[in-house]
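To start, the structure itself, in structure tokens.
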There are 2 protein chains.
Amino acid sequence: MSLLDVSLVIDIPPFRGIERENLAELLSWARSERVEKDRTIFSQGEEAHSFFLLLDGHVRVVKVTPDGDQVIARYISSGELFGIAQALGLGSYPANAVAAVDCVVLSWPGSLWTTITEKYPTFATNTYKTVGARLQDAQDRIVEMATERVEQRVANAVLKLANQTGKKTDEGILIDFPISRQDISEMTGTTLHTVSRLLSAWENEGLVKSRRKKITVIEGHKLAVIAAGNSDK
Amino acid sequence: MSLLDVSLVIDIPPFRGIERENLAELLSWARSERVEKDRTIFSQGEEAHSFFLLLDGHVRVVKVTPDGDQVIARYISSGELFGIAQALGLGSYPANAVAAVDCVVLSWPGSLWTTITEKYPTFATNTYKTVGARLQDAQDRIVEMATERVEQRVANAVLKLANQTGKKTDEGILIDFPISRQDISEMTGTTLHTVSRLLSAWENEGLVKSRRKKITVIEGHKLAVIAAGNSDK
DNA sequence: ATCCAGGTTTGCGTTTCGACAAATTTTGAA
DNA sequence: TTCAAAATTTGTCGAAACGCAAACCTGGAT
């Protein structure tokens, strides 16, 4: 276990409002770990032994159905908590978490959850805000799936990824981790074929530029128009 | 404000584990109210002034999209908390809540949220468990919408309603509040026409029996088979 | 530099389901 | 009882998107 400098984490949302010395204690309880790309951090159904904070990288949270279909629940960006089953009173993880790139992850034993939240209510409050935001997000996605067509959903997914994790380049905004057509189809409930067709079409119109596992958003506002459902008709 | 007897609520999940006298205090802070069918309890976007416990009845939680489409987020049954925006750090309600039948509702001023959770951590924990369960539920619904066909989703929705709120009758299990084809379509992301066709077909096969705003599940296991996707092929 | 596996594109037939339309039934109110 | 509004049923048509198949890139490994 390596010692972490408090200054590395003092700014990130889950720890906002916690005093420096308390934060030091919190960190002393954590384990820091490098996770290489494509490694599984925890698995669906596995007993929830720990909860996590992503210090660096991107993590994909994936649900697998009984007949093997995969659905991407969300991408975690650095600074976010994940695998917080204990906060929700769950005994086991409800999804797989896989490193989308090489990552650095902090983890705490789940058994500490109660201790920590009792001692640091600010942390608890922050966490529940996160949970609230995710519930919101999930509800919004349900609405989206129920009311919007595939084209809109894919446009939306690409835009969200670009906003959440995009790096500015001279061509536009590049999603800064490798993401395949398949991945996007698993975020939007469609097939990789349909996603491929859409991206090709958009590329022809100059809205995006994409290569293998790379997507750059060029005309975000036009994508937003598509996402809103005013594609042409 | 009428005084409530503690024994009326001591058994319901959100209050499990709270001592009688504390519960009395909690109740003394609440307002009890009768809400008649089709009345709106709170509206999407409205400032979250209160949080609620449904003592009796059924409440429909509905999201409305910018272009007027409605999506039913969930049905609340008696004994459940709802409108708990404060628990999630939200300033306003993210959906409408409408009484599906005549209801009895307890409400607390949102400003008491912090006080209450600090004084009664058990209540807080219970609440977060609820939130966790709902997040789970939402995620599952996303997976369902992403991977299953309309027929499966509708079968699932009917089954869930029957399990959650069904009353045993001599014909089968009757969903015990009025629910239209339109409602079911708004739970499953389809149209009332498609729902109508499905219910008609199932009625012909003897799986369900339905009248205007009434559905009785007769052969639940067969419905479950459809929900699992083994309809025929 | 070459090769190969995984990722992507594209075509085509098929299915599912939504859109529109119209008839019919049901229920509650006058 | 009669009537009107709301809910439901049913038919037809067409579009959206999936499944399957095959070809084609592309970039990393050797």
Side-chain angles (χ1 to χ4, degrees), chain A residues 36-38 60 67-71 100-102 144-155 157-158 175 177-205 208-216 226 229 231-233, chain B residues 36-38 65 67-71 100-102 144-155 157-158 175 177-205 208-216 226 229 231-233:
Chain A
E36 66 186 24
K37 183 170 185 296
D38 294 332
R60 187 171 51 238
D67 31 72
D69 290 321
Q70 304 212 337
V71 177
V101 295
D102 290 344
E144 190 185 38
M145 300 272 297
T147 61
E148 295 178 5
R149 283 172 308 114
V150 169
E151 185 183 31
Q152 301 173 249
R153 304 204 301 266
V154 173
V158 171
I175 294 172
F177 56 86
I179 185 163
S180 68
R181 313 290 185 256
Q182 175 78 37
D183 290 333
I184 294 186
S185 75
E186 290 174 4
M187 298 178 68
T188 52
T190 179
T191 62
L192 79 161
H193 308 278
T194 298
V195 172
S196 177
R197 281 177 235 272
L198 288 170
L199 286 179
S200 297
W202 294 341
E203 178 135 21
N204 287 336
E205 295 164 24
V208 302
K209 189 160 190 309
S210 68
R211 299 228 213 309
R212 161 186 270 227
K213 293 216 171 198
K214 276 188 175 19
I215 300 177
T216 305
I226 292 176
S231 48
D232 41 4
K233 49 162 188 184
Chain B
E36 67 186 23
K37 183 171 185 299
D38 292 332
T65 67
D67 31 72
D69 289 321
Q70 304 212 337
V71 176
V101 295
D102 290 344
E144 191 185 38
M145 300 272 297
T147 62
E148 294 178 5
R149 283 172 307 112
V150 168
E151 185 183 30
Q152 300 173 250
R153 303 204 303 266
V154 173
V158 171
I175 294 171
F177 55 87
I179 185 163
S180 68
R181 311 290 186 258
Q182 175 77 37
D183 291 333
I184 293 185
S185 74
E186 291 175 1
M187 298 179 68
T188 52
T190 181
T191 62
L192 79 161
H193 307 280
T194 298
V195 173
S196 176
R197 280 178 234 273
L198 287 170
L199 286 178
S200 296
W202 294 340
E203 178 134 22
N204 287 336
E205 296 164 22
V208 302
K209 190 160 192 307
S210 69
R211 299 229 212 306
R212 165 187 265 227
K213 294 217 170 196
K214 276 188 172 23
I215 300 177
T216 304
I226 293 176
S231 49
D232 42 1
K233 48 166 185 189

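Values reported hereafter were calculated over all heavy atoms of this structure, with side chains retained and with hydrogens, waters and symmetry mates removed. By convention in this document, chain letters (A, B, ...) are assigned in the order of the sequence lines, proteins followed by strands, and residues within each chain are numbered from 1.
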Given atom [atom1] of [X] and atom [atom2] of [N], what is their separation to the nearest angstrom?
{"X": "B:R149", "N": "D:dA17", "atom1": "CZ", "atom2": "P", "value": "17 Å"}
{"X": "A:Q152", "N": "D:dA16", "atom1": "CD", "atom2": "C1'", "value": "12 Å"}
{"X": "B:I226", "N": "C:dT16", "atom1": "CD1", "atom2": "P", "value": "14 Å"}
{"X": "B:I215", "N": "C:dT26", "atom1": "CD1", "atom2": "P", "value": "16 Å"}
{"X": "A:E151", "N": "D:dA15", "atom1": "CD", "atom2": "C1'", "value": "13 Å"}
{"X": "A:E148", "N": "D:dA17", "atom1": "CD", "atom2": "P", "value": "11 Å"}
{"X": "A:E186", "N": "C:dT8", "atom1": "CD", "atom2": "P", "value": "12 Å"}
{"X": "B:K37", "N": "C:dT27", "atom1": "NZ", "atom2": "P", "value": "13 Å"}

* To do: Report the distance from atom CZ of B:R197 to atom OG1 of B:T190, rounding to the nearest 0.5 Å.
  =>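 B:R197 atom CZ to B:T190 atom OG1 measures 10.0 Å (nearest 0.5 Å).
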
Mind checking whether [X] and [Y] have side chains closer than 4.5 Å, heavy atoms only?
{"X": "A:E148", "Y": "B:T65", "answer": "no"}
{"X": "B:V71", "Y": "B:E186", "answer": "no"}
{"X": "B:I215", "Y": "B:I184", "answer": "yes"}
{"X": "B:F177", "Y": "B:K37", "answer": "no"}

* Asked: So, A:Q152 side chain and A:R149 main chain: donor-acceptor pair closer than 3.5 Å or not?
  ->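 Confirmed, A:Q152 side chain pairs with A:R149 backbone.
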
* Polar side-chain atom of A:E203 near backbone of A:S210 as donor-acceptor pair, under 3.5 Å -> yes

* Heavy-atom pair of closest approach, residues B:R181 and B:S196 -> CD-CA, 4.1 Å

Between the protein and nucleotides 28-30 of chain D, which nitrogen or oxygen pairs are less than 3.5 angstrom apart?
none

Tabulate atom names and distances for all N/O pairs under 3.5 angstrom spanning the protein and nucleotides 8-12 of chain D.
| unit_1 | atom_1 | unit_2 | atom_2 | d |
| --- | --- | --- | --- | --- |
| D:dT8 | OP1 | B:K213 | N | 2.9 |
| D:dT8 | OP2 | B:R181 | N | 3.0 |
| D:dT9 | OP1 | B:R181 | NH2 | 3.4 |
| D:dT9 | OP2 | B:R181 | NE | 2.8 |
| D:dT9 | OP2 | B:R181 | NH2 | 3.4 |
| D:dT9 | OP2 | B:S196 | OG | 2.7 |
| D:dT9 | O5' | B:S196 | OG | 3.4 |
| D:dT10 | OP2 | B:S200 | OG | 3.3 |
| D:dT10 | O4 | B:H193 | ND1 | 3.2 |
| D:dG11 | N7 | B:R197 | NH1 | 3.0 |
| D:dG11 | O6 | B:R197 | NH2 | 2.7 |

* To do: Using the side-chain contact (heavy atoms from CB on, under 4.5 Å) rule, pick out the option among B:S185, B:S180, B:S200 that qualifies with B:V195.
  =>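 The side-chain contact (heavy atoms from CB on, under 4.5 Å) with B:V195 is passed solely by B:S185 among B:S185, B:S180, B:S200.
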
